[in-house]
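Before any comments, here is the structure.
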Amino acid sequence: VKNYTTLIHGFCNKGKMDEAAKLLEELCGKGLYPNVVTFSAIINGLCKQGWVDEAAKLLKEIYGNGLYPNTVTFNSIINGFCKEGKMTEAVELLDRILRCGLYPDTVTFTAVINEFCNQGRIEDAFKLLEEMRGHGLSPDTVTYTVIVRGLCTAKELDKALDLLEKMEREGIKPNVVTYNTVILGLCIVGKSEEARNLLDEMAVKGCAPDIFTYNTVLRAMHKEGRAEAAIDLFNEFTSKGHIPD
RNA sequence: AAUGAUUGCACCU
């Protein structure tokens, strides 16, 4: 069953849901029974295709198979609703997790917080962050990164930088995605110099800038007409063994 | 073996 599930997951990731369905039939035809992980993989695949309603139907069928969905199963559908902007449904499902005697986890909350941020509902995002803490869950690097991104999109760079510091104080290490997010935010508002400083800072703190980081800052410098700064940075980029694309 | 985050903006299709 594990091997079948791995294959099914692979097809689902490529959006080949028909192939995944065939494998599921084949699995059943052999007298084997799909388990929660198998169903969750398919449910996630359906959600990624934008077929959340199909996924929700399949969620109901799980029970008929004598199985119970777990937190991961719900997380996939919650994320599916979020990606369609259906926050009412997403929050409803979050409540349902609790009623099922399951526990939402950091992934559950982060998925919903992320979509609130995408919709510019930063207040709701922070509220949910508090609610998450109320459940004894701590935000992790991804949670903070999505909120930082929400603040950057809202052009609240000061708050984004504050939050970056706050997470570090809490012992949650920003990673390259976190830094790239803030750096992009700074570049969008025309602060390539601060972006460059942050690039240096992340390197000092042991987080190596990647191609995305350099690309973002170089483009911003070019846009701001800072040719010399761009050349300096480009030379640093190549001297570190990176190959420009 | 399954779930959450960075490729903005403008232009054009």
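In what follows, every chain begins at residue 1, and chains take the letters A, B, ... in the order their sequences are listed.
Side-chain N or O atoms of A/Thr71 include one that pairs as donor or acceptor with a backbone N or O of A/Tyr103 at under 3.5 Å.
Distance A/Leu7 CG to B/rA2 C1': 14 Å, rounded to the nearest Å. Counting to the nearest Å, the C1' atom of B/rA5 and the CG atom of A/Leu128 are 15 Å from each other. In this structure, the NZ atom of A/Lys83 is 11 Å from the C1' atom of B/rU3, given to the nearest Å. In this structure, A/Leu32 atom CG and B/rA1 atom C1' are separated by 14 Å, rounded to whole Å. Rounded to an integer number of Å, the gap from A/Met167 CE to B/rA5 P is 16 Å. A/Ile8 places its CD1 atom 11 Å from the C1' atom of B/rA2, with the value rounded to the nearest Å. In this structure, A/Leu93 atom CG and B/rU3 atom C1' are separated by 13 Å, rounded to whole Å. Atom CG in A/Asn79 sits roughly 7 Å away from atom C1' in B/rU3 (whole-Å rounding).
Under the 4.5 Å side-chain contact rule for hydrophobic residues, A/Val112 and A/Leu93 share a cluster.
Ionic pairing of A/Lys205 and A/Glu168 is present here: one or more N-O contacts between side-chain nitrogen and carboxylate oxygen are shorter than 4.0 angstrom. Between A/Lys57 and A/Glu54 a salt bridge is recorded (basic side-chain N to carboxylate O distance below 4.0 Å).
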Audit row: A/Thr178, A/Asn175, side chain to side chain donor-acceptor pair (under 3.5 Å) steps and yes/no: CA-CA 5 Å; A/Thr178 319; A/Asn175 62 18; 3.0 Å; yes
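Nucleic acid contact class of A/Thr143 (heavy atoms, under 4.0 Å, all strands): base. Note on A/Asn35: a base of the nucleic acid sits closer than 4.0 angstrom, heavy atoms only. Counting any heavy atom pair closer than 4.0 Å across all strands shown, A/Asn3 reaches no nucleic acid atom. Nucleic acid contact class of A/Thr106 (heavy atoms, under 4.0 Å, all strands): base.
Donor-acceptor pairing under 3.5 Å, judged by distance alone, is present between the side chain of A/Asp140 and the base of B/rG4. Residue A/Asn75 places no side-chain atom within donor-acceptor reach of the base of B/rA2, judged by atom type and a 3.5 Å distance cut-off alone.
Pairs engaging residues 58-67 of chain A under the side chain to side chain donor-acceptor pair (under 3.5 Å) rule: none recorded [sequence neighbours left out].
With sequence neighbours excluded, the residues that form a side-chain contact (heavy atoms from CB on, under 4.5 Å) with A/Lys30 are A/Tyr4, A/Glu26, A/Leu32.
Nearest to the side-chain atoms of A/Val37 among the listed nucleotides B/rA2, B/rA5, B/rG4 stands B/rA2.
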Base versus backbone protein contacts along nucleotides 6-11 of chain B [heavy-atom cut-off under 4.0 Å; B, S, -]: BSBB--
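For B/rA2, the OP1/OP2 oxygens have no side-chain nitrogen or oxygen of A/Lys48 closer than 4.0 Å.
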